[in-house]
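Report on the following structure.
Values below: every heavy atom of this structure, side chains too, minus hydrogens, waters and symmetry copies. Along the sequence shown, residues carry numbers from 1. Just so it is clear, the model here is predicted, and its values are computed rather than measured.
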Amino acid sequence: MIYSEPAPAKLNLALHVRGKLPDGRHRLETVFAFCTDGDLVAAEEADGLSLSSSGPFAPGLSTGEDNLVLRAAALLQKAAGTDQGATLSLQKNLPVASGIGGGSADAAAALRLLTRLWKIDPAHAAAVAPELGSDVPACLLSMSARGVGAGDELELLNDPGVSGTAVLLVNPLAPLSTGEVFAHWDGEDRGPLDDWREGRNDLESPAVGLVSEIGEVLSWLKARPGAAFVRMSGSGATCFAFFDDESTRDEAARAVPESWWHLATYLR
């Protein structure tokens, strides 16, 4: 029997960088939200662990042991003390390293999926998620949440006021390294995150400095009729805009330049 699990795209509605943690990671305050669309992970029982990929962003994506999906599977095996295996497949619809949690969401989806397939305690998935990256615990929940620490200490938000919002994601498909973006952050603490609507993304400025096309995407989105809220997600390069309704969102989607990737979706 084949099981499948969605890996929803993640958005940072705000992302404040407050300094450094004792372990060297950046101290963050952020609000996560999740889209109704993203990648898809499927699995069926097997003797060992293997991964294949398909979809528009599969070319060039490693399916070896360094892939987060296989790393998640191996860690879950160890934590649960099971020798069960799985043949995994990844439908890669989201750009790689694009600030919307693609790899983290895939790993989280694999954890949820294998918990069902192997019939093991979900607590094992929660225990290994932080080892896979600071976004993976939030992606494991795939629910609106406030994140502190490195973004991996979570508090669920019952009503952030975004569910059902029509949103357009746009990425200029320019290479951008998360490590480089953080390295170019100026180190200034600009204050805590209260209301995400009044917040900011402290990585936006260094990201634009590294990839000028991000600034072009932000300006383009802000100029769209009906765009109510525009921001870059995570460390970039994906930017997003909320729209008053589906029709204005779809009109903007039709006007996205062909050289840019886009996704017209909704918030969960």
Side-chain angles (χ1 to χ4, degrees), residues 7-21 23-35 38-39 57 60-62 64 66-72 90 92-110 129-140 142 145 147-154 169-190 193 199-218 231-240 260-261 263:
K10 174 264 314 177
L11 297 181
N12 297 91
L13 303 186
L15 176 58
H16 293 197
V17 186
R18 304 297 310 281
K20 289 284 191 76
L21 295 168
D23 63 8
R25 294 182 299 169
H26 287 83
R27 183 164 66 92
L28 308 177
E29 295 178 8
T30 188
V31 171
F32 295 103
F34 290 86
C35 300
D39 294 338
F57 293 99
L61 181 70
S62 169
D66 57 333
N67 187 287
L68 272 180
V69 169
L70 279 183
R71 285 180 56 199
L90 170 62
K92 193 64 186 163
N93 302 317
L94 302 176
V96 177
S98 57
I100 50 177
S104 296
D106 297 340
E131 299 182 48
L132 294 160
S134 57
D135 280 349
V136 179
C139 290
L140 185 63
S142 287
V148 297
D152 53 358
E153 299 172 25
L154 302 172
L169 281 56
V170 180
N171 187 300
L173 296 178
L176 184 63
S177 160
T178 296
E180 259 196 293
V181 175
F182 272 104
H184 282 76
W185 172 61
D186 62 11
E188 183 179 344
D189 181 358
R190 292 175 171 82
L193 172 58
R200 58 187 188 273
N201 185 339
D202 286 331
L203 297 180
E204 190 174 292
S205 179
V208 171
L210 290 164
V211 175
S212 61
E213 291 95 326
I214 296 172
E216 296 173 18
V217 171
L218 289 166
R231 192 158 283 168
M232 186 185 82
S233 181
S235 58
T238 304
C239 304
F240 63 92
W260 295 350
W261 172 84
L263 174 65

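A search for side-chain contact (heavy atoms from CB on, under 4.5 Å) contacts involving Ala207 returns Leu176, Val181, Ile214, Met232, not counting sequence neighbours. By the side chain to side chain donor-acceptor pair (under 3.5 Å) test, Asn93 pairs with Gln91, sequence neighbours left out. With sequence neighbours excluded, the residues satisfying salt bridge (charged side-chain N to carboxylate O under 4.0 Å, His left out) with Glu29 are Arg18, Arg146. Applying the side chain to side chain donor-acceptor pair (under 3.5 Å) rule to Ser177 yields no partners; only residues at least two apart in sequence or on another chain are considered. Residues that satisfy the salt bridge (charged side-chain N to carboxylate O under 4.0 Å, His left out) test with Arg25, not counting sequence neighbours, are Asp23, Asp152. In terms of the side-chain contact (heavy atoms from CB on, under 4.5 Å) criterion, residue partners of Ser98 (sequence neighbours excluded) are, by chain and number, Pro95, Ile100, Asn171, Thr238. By the salt bridge (charged side-chain N to carboxylate O under 4.0 Å, His left out) test, Arg200 pairs with Asp202, sequence neighbours left out. Partners of Asp186 according to the salt bridge (charged side-chain N to carboxylate O under 4.0 Å, His left out) rule, which considers only residues two or more places apart in sequence or in another chain, are Arg190. Partners of Thr30 by side-chain contact (heavy atoms from CB on, under 4.5 Å), not counting sequence neighbours, listed by chain and number: Asn12, Leu15, Phe32. Judged as a side chain to side chain donor-acceptor pair (under 3.5 Å), and not counting sequence neighbours, Ser142 has no contacts. With sequence neighbours excluded, the residues forming a side-chain contact (heavy atoms from CB on, under 4.5 Å) with Ser212 are Glu216, listed by chain and number.
Taken to the nearest 0.5 Å, the CD atom of Glu180 stands 5.5 Å off from the CG atom of Leu210.
Listed by first and then second residue, the salt bridge (Lys or Arg N to Asp or Glu O under 4.0 Å) pairs involving residues 94-106 are Lys92-Asp106 (not counting sequence neighbours).
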